[in-house]
Amino acid sequence: MSDDETDWGASLSELSAVGHAPLIPPPPSGLPRVIIHIDLDCFYAQVEMVRQPALRSQPMGVRQKQMVITTNYTARARGIPKSGSVQALTQAYPELILVNGEDLYEYRRFSQRIFEVVSSMTFAHAVERLGMDENFIDVTPWVHAHLSAPAEIDPSPVQGHVFQAASWDKSDPVHRCLALGSVLAQRIRTRIREELGLTSAAGIAVNKTLAKLVGGCHKPDDQTLLLPDQTLALLQTLPSPRSIPGIGSATHASLLELGIDTLADLQAAQVSNLAEMFDRETAERLIQLSQGIDPSPVKTSGRPQSIGLEDRFKVITTRDESKTKLKWLWGRLAQLIYEDGRIPRVIRVTARDQIKERAQGRRWLKESRQTQIAGHILTGLKTNPDLPQREESQVVDICLSLLDKMVNHSAPYQLTLLGIGVSDFPPETANTIQNYFVAGAKETRNEKRQPKRSHAAMTPPNEEAMCQPTPDIDEAIRPCSKKVKPAPLAIPVCDVSDIPHDWDPEVWANLPMDIRTELLASQPIQSRTNVKPLNKKTKSIASYFQKKS
DNA sequence: ATGGGTCCT
DNA sequence: AGGACCC
């Protein structure tokens, strides 16, 4: 037990806090949620090393324009920083090898694969993506179901590190919940390494913020569990309120104006102290975050809400140059839309104008204009990554007219960025219950399309081509994916193989979370444990989703 | 920084 | 449409 008399215990405080968080089913029986955060180690650098294994032993970094955005651990072992300007780093470390990472295509593919591996192993649980290389998983239903397993088949070993392990109590049900989470986290990380050749770090805790924070304690390629009673101890290691995810630069600046400099200041603050700068809800949330209380649910990440591309460049001063750049951007974006398979209804153009920035005395002034786009123009992308000439020039003209709303071509301007994005995809009707029972209906959704063009062909005219040959991802990972089924664990984990044979995985993947959770809890967990169904009422629901025999 | 994304106002 | 946040 902690000597601290203050009740910072996140789990208990949260049980009441979640009451008004709409999407969280109240945790049963006073037990906490169990959240895993998985974070790939220097993701871009690892992907480049998988694509080009000779880089593994070299100090290497990934570059976008004039910035090195990440370096591998070989480089960091030599004292090379995680990031910096190309200029500074190549001068100080001539041995550093740089790979161009401006084309995100391969990263996107690896990111999707990671999400698939995680989702397949945490069947029926919510998985939320954060950027390309982080995922939150709410494994509460599985953990709670297994907590009641007989002790002899549930040794509850902790995997990885425990933050401040001294207060570990193996008989504490809360601790056992988290230990089960650590076993799952370990298995997920192992599988990501086996399937994709990538190492990762994980944090296990009672909410997203704490899982993410504690996951940073042992990197790379390791994991850390946070016990709720060590929440304050973890938070005390943070240098500033800015270190808390969700407190960004703007919020931090406001806090400083209020004289709140340290995390302790924020922890001790009252809502009334923050009232000048924040509304009540925000003030409450900030104070709670500072205390390690975070009721925000793990959301199920579906398909993207938007797809966009941006390119920065020295300067563009004419409509003609803009047209060329927009054409090029559209060509690449069309490929991505084609691979996605959905047809968007809104298109947006983004621009930065240096002259306007200076005129307004602002460091950053990104403008955008968007418009609906008639369905018939883009429908060609359903079957082909290239639009017919006519439609393609229509799209480019639409983009140019959007740009015209932002720049006055009869006055001087200096564009340093252009982007195109699409959004407002039609809802996917495949999710309606009726569609599950229509033969062949699912063949039209979630199609995985292969690129028709090499991405080398999509390198901008002025930029250096990507010179390295790029093995296909499946080729690249083959050495690591032996397809050997891992030895069964003492504690069974939730896996696709655990789906009852008469349940359709695809149906499951598309069920709303509350239904999935209910069904998971109701599942007899056949051949896994002797746990009895928790809720017999849902058995009739389950029967609706069984495959027809 | 860069090249993406998310959600909220 | 912009701004906050995240990576």
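Numbered from 1 within each chain, the chains take letters A, B, ... in sequence-line order. Everything numeric here is computed off the predicted structure, so don't read it as measured data.
The interatomic distance linking A:Leu286 (CG) with C:dC5 (C1') rounds to 12 Å, in whole Å. Between A:Lys212 atom NZ and C:dC6 atom C1' the separation is 6 Å, expressed in whole Å. A:Leu289 places its CG atom 12 Å from the P atom of C:dC5, with the value rounded to the nearest Å. Regarding A:Arg129, its CZ atom lies at a distance of 11 Å from the C1' atom of C:dC7, rounded to whole Å. Across the protein-nucleic acid pair, A:Asp279 atom CG and C:dG3 atom P stand 18 Å apart, rounded to whole Å. One interatomic measurement links the two molecules: CZ of A:Phe136 to P of B:dT6, which rounds to 16 Å at whole-angstrom precision. When the P atom of C:dC7 is taken as reference, atom NZ of A:Lys208 falls 12 Å away, rounded to whole Å. Per the geometry, CG belonging to A:Asp103 stands 12 Å off C1' belonging to B:dG4, to the nearest Å.
A distance of 5.5 Å separates CG of A:Leu225 from OG of A:Ser182, quoted to the nearest 0.5 Å.
Checking A:Gln305 against A:Arg352, the closest nucleotide of DNA chain B that is more toward the 5' end is the one next to A:Arg352.
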Side chain to side chain contact (heavy atoms under 4.5 Å, CB included) between A:Arg33 and A:Asn207, intermediate numbers included: CA-CA 7 Å; A:Arg33 291 189 291 157; A:Asn207 65 44; 3.6 Å; yes

A:Arg189/A:Asp221 under side chain to side chain contact (heavy atoms under 4.5 Å, CB included): CA gap, chis, key distance, verdict: CA-CA 8 Å; A:Arg189 293 198 303 117; A:Asp221 196 19; 3.5 Å; yes

Stepwise side chain to side chain contact (heavy atoms under 4.5 Å, CB included) check, A:Arg76 with A:Thr70: CA-CA 10 Å; A:Arg76 295 185 201 182; A:Thr70 188; 3.2 Å; yes

Candidate pair A:Glu310 and A:Lys366, rule salt bridge (charged side-chain N to carboxylate O under 4.0 Å, His left out), full reasoning: CA-CA 12 Å; A:Glu310 287 179 354; A:Lys366 204 149 76 161; 2.9 Å; yes

A:Ile337 and A:Trp330: CA distance, side-chain angles, deciding distance, side chain to side chain contact (heavy atoms under 4.5 Å, CB included) verdict: CA-CA 10 Å; A:Ile337 298 169; A:Trp330 171 254; 3.8 Å; yes

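The side chain of A:Ser306 contributes an N or O atom lying less than 4.0 Å from OP1 or OP2 of B:dT6. A:Arg108 has a side-chain polar atom (N or O) that falls below the 4.0 Å cut-off from OP1 or OP2 of B:dG4. Here A:Arg348 does not reach the OP1 or OP2 of C:dA1: none of its side-chain N or O atoms lies under 4.0 Å away.
Within 6.0 Å of CD in A:Gln372 there are 12 or fewer heavy atoms belonging to other residues, nucleotides or ligands.
Counting only heavy atoms from C-beta on, A:Gln64 has its side chain closest to B:dG3 among C:dC7, C:dC6, B:dG3. Set against C:dA4, C:dC6, B:dT2, the side chain of A:Arg242 has C:dC6 as its closest nucleotide. The side chain of A:Leu309 lies closest to B:dG4 when the candidates are B:dG4, B:dC7, C:dC5.
Note on ring orientation: taking the six-membered ring where Trp is involved, the planes of A:Phe136 and A:His37 are tilted (angle from 30° to 60°).
Applying a 4.0 Å cut-off to non-hydrogen atoms, the residues of residues 66-93 of chain A that approach DNA chain B are A:Met67, A:Ile69, listed by residue number. DNA chain C lies under 4.0 Å from at least one heavy atom of each of the following residues of residues 356-373 of chain A: A:Arg362, A:Glu367, A:Ser368, A:Arg369, A:Gln370.
Taking the charged nitrogens against the carboxylate oxygens, A:Glu195 and A:Arg113 have no contact shorter than 4.0 Å, which rules out a salt bridge.
Judged purely by atom type and a 3.5 angstrom limit, A:Asp133 has no side-chain atom pairing as donor or acceptor with the backbone of A:Phe43.
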